[in-house]
Amino acid sequence: MAEQSESTSADVALEPYWAAAREGKLFLKHCRDCGKTHYYPRPICPFCMSENTKWLTASGAGMIYSWSVERRAAEPYAIAFVTLPEGPTIMTALVDIDLDKIAIGQAVQLGFETRDEQPVPVFRPA
Amino acid sequence: MSIKGKAYIAGVYEHPTRKAVGIPIAQIHAEVAKGALEDAGLSLRDVDGYFCAGDAPGLGGLSLADYLGLDVRHVDSTETGGSSYIVHVNHAAQAIAAGKCKVALITLAGKPRSGGAQPGRAPMSTRPPDAPFESPFHPSVLNVYAMCAQRHMYEYGTTSEQLAWIKVAASEHAQHNPHAMLRKVVSVEDVVTSPLVADPLHRLDCCIISDGGGALVVVAPEIAAQLKRPKVRILGAGEAIKHMRGGEVDLTYSAGIWSAAKAFEEASVDRQDIKYASLYDSFTITVLMQIEDIGFCEKGRGGAFVAEGNLISGVGKLPFNTDGGGLCNNHPGNRGGMTKVIEAVRQLRGEAHPAVQVKNCDIALAHGTGGLLGTRHGSATLIMERT
């Protein structure tokens with residue numbers, strides 16, 4: 001745990017991302033040069049190597065691209081890839097959801113949970 | 001530079017252990033190295049190239065070269081997870097073709113069953129940049145592959161019953177392998193009624209976890225000409241990686257579409273020329289997607305292709321994993337690429353178990369997917385022929 005918070009806080013380029021997350025906002029990265037939005041965020045655009053990138057606040061909407069429920073865990077949990085209207089499909093958790101009634105294409109809404117001492121984006125049914 | 005005909009697989013060895021209590025990983029590397037060199041009819045002193053991957057303890061190949069007593073002039077520790085060893089055969093052939101070495105040794109050993117690495121988890125020395133954005137959601141080998149299966153079912157109507165046929169075929173083969181961890185023949189019903197571990201995958205959709213190891217010896221043509229064992233010539237190989245692409249995620253295909261295309265182009269053979277295929281079988285979905293990506297059938301038609309015993313030797317059109325594969329036999333170090341090459345070589349030599357030996361097996365393929373299919377992985381394809 002200590003090691004994890006240490007390694008993320010040591011990443012200066014990600015500080016705005018975590019600050020936004022603490023306020024309940026999901027920051028994506030948008031490239032001013034190639035016009036594409038990527039996630040997870042990097043200072044240098046993975047599509048064109050431009051450093052001319054800016055933060056973009058996600059609307060919070062999403063649609064389940066794929067999902068699974070880890071049934072063997074002490075407390076079964078749902079993991080998913082959720083496609084954002086801004087473009088990227090991101091790995092996330094589905095929360096407050098009936099684990100037996102998850103479907104690809106289902107509309108979900110952004111929220112935040114603290115995990116490993118970090119605010120992380122999760123999604124619940126819209 | 002093409003590697004076609006520039007190198008031969010002269011020696012193979014699969015460690016018989018499936019649980020190596022009290023035996024360190026380095027010792028298993030040594031035992032498989034000895035086994036493969038003896039199989040080839042070569043000795044330690046003949047080896048001038050060494051290849052190993054992330055399972056090797058220490059710094060790249062240095063610690064093991066020291067332990068094994070290797071005096072080599074070429075070392076390569078390319079790491080693409082479980083497909084590394086198929087990549088290594090390609091790299092060994094390239095090195096031989098370029099005159100860097102003449103006798104290349106490739107080794108693998110791992111003990112996820114009796115201790116060491118956590119089951120299903122590769123060792124990671126430093127935290128990768130994706131970790132803060134993925135690890136809080138607890139991606140596991142199981143659920144990441146499961147999400148590929150989930151999407152495949154959604155896009156193409158693939159069913160759990162179709163996936164189950166892959167396990168059924170593997171178990172049909174494993175019953176003849178005395179070393180296999182699971183030798184009981186299972187039915188489609190058995191697979192789909194086994195516990196759901198990560199929707200939509202059931203327990204029997206998953207590979208086994210075993211200790212063990214294996215080794216390969218790849219040699220120059222002039223060395224192969226002096227050896228007594230049946231000759232297996234390398235015709236072509238391809239490798240490719242696929243990752244999350246900045247969020248442009250598409251779980252319906254693997255990097256196998258690129259690695260296979262390269263391998264078939266280099267080998268100048270067609271899909272229907274392949275008499276036997278070793279296909280990485282971490283999960284049933286891995287096999288199904290690879291079959292499509294290699295081009296044995298159209299994308300989305302894999303479910304129909306694997307059903308009704310089409311992968312069973314002597315029954316179907318594409319006999320696969322006749323040793324029982326990772327699904328039933330062995331998955332040393334959670335890295336199945338090595339045993340994929342070994343069983344393909346057995347088939348080409350005519351040394352597979354008689355009950356599963358493919359008749360007139362002159363051209364075979366080994367294909368691997370290392371890492372995690374649903375996030376980032378490395379695919380490798382190798383095409384070989386008996387000469």
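Each chain gets a letter, A, B and so on, in the order the sequences are listed, and its residues count up from 1. No experiment lies behind these values; they were computed from the predicted model shown.
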Measure across [X] and [Y] and return the closest heavy-atom pair with its distance rounded to 0.1 Å.
X: B/Ala198; Y: A/Glu70; answer: CB-OE1, 4.3 Å
X: B/Gly246; Y: A/Arg42; answer: CA-NH1, 3.9 Å
X: A/Trp18; Y: B/Pro132; answer: CZ2-CB, 3.9 Å
X: B/Pro129; Y: A/Tyr40; answer: CG-OH, 3.7 Å
X: A/Tyr77; Y: B/His138; answer: OH-O, 2.7 Å
X: B/Asn143; Y: A/Ile79; answer: CG-CG2, 3.6 Å

Got a second to check how far [X]'s [atom1] is from [Y]'s [atom2], nearest 0.5 Å?
X: B/Asp250; Y: A/Thr89; atom1: CG; atom2: OG1; result: 9.0 Å
X: B/Arg151; Y: A/Trp67; atom1: CZ; atom2: CH2; result: 13.0 Å
X: A/Arg72; Y: B/Ser140; atom1: CZ; atom2: OG; result: 7.5 Å
X: A/Ile104; Y: B/Met147; atom1: CD1; atom2: CE; result: 10.5 Å

**Asked** Can you find a heavy atom in the side chain of B/Leu196 that is under 4.5 Å from one in the side chain of A/Arg71?
**Response** yes
**Message:** When you compare the side chain of B/Thr375 with that of A/Phe81, does any pair of heavy atoms fall below 4.5 Å?
**Reply:** yes
**Prompt:** Heavy-atom distance under 4.5 Å to chain B: side chain of A/Pro121, backbone, both or neither?
**Reply:** both
So does [X] have more than 12 non-hydrogen atoms from other groups sitting under 6.0 Å from [atom1]?
X: B/Arg301; atom1: CZ; answer: no
X: B/Glu189; atom1: CD; answer: no
X: A/Glu113; atom1: CD; answer: yes

**Modelled atom types, side-chain donor and acceptor of A/Ser68 and B/Gln150, under 3.5 Å** = no
**Message:** Please output the residues of residues 45-66 of chain A in contact with chain B, using a heavy-atom cutoff of under 4.5 Å, in numerical order.
**Reply:** A/Pro46, A/Phe47, A/Tyr65, A/Ser66
**Message:** For residues 25-38 of chain A, give me every residue with a non-hydrogen atom less than 4.5 Å from any non-hydrogen atom of chain B.
**Reply:** A/Lys36, A/Thr37, A/His38
**Item:** Residue B/Arg245 versus chain A: region with a heavy atom under 4.5 Å
**Value:** backbone
**Asked** Which residues satisfy the ring-ring contact (aromatic ring centres under 6.0 Å, His included) test with B/Tyr154, sequence neighbours excluded?
**Response** none
**ring-ring contact (aromatic ring centres under 6.0 Å, His included) against B/His367, all qualifying residues, sequence neighbours excluded** = none
**Request:** Check the pair B/Phe137, A/Arg115 against side-chain contact (heavy atoms from CB on, under 4.5 Å), reporting the backbone distance first and the verdict last.
**Result:** CA-CA 9 Å; B/Phe137 312 116; A/Arg115 297 187 175 194; 4.1 Å; yes
**Request:** Determine whether the aromatic ring centres of A/Tyr17 and B/Phe133 lie less than 6.0 Å apart.
**Result:** yes
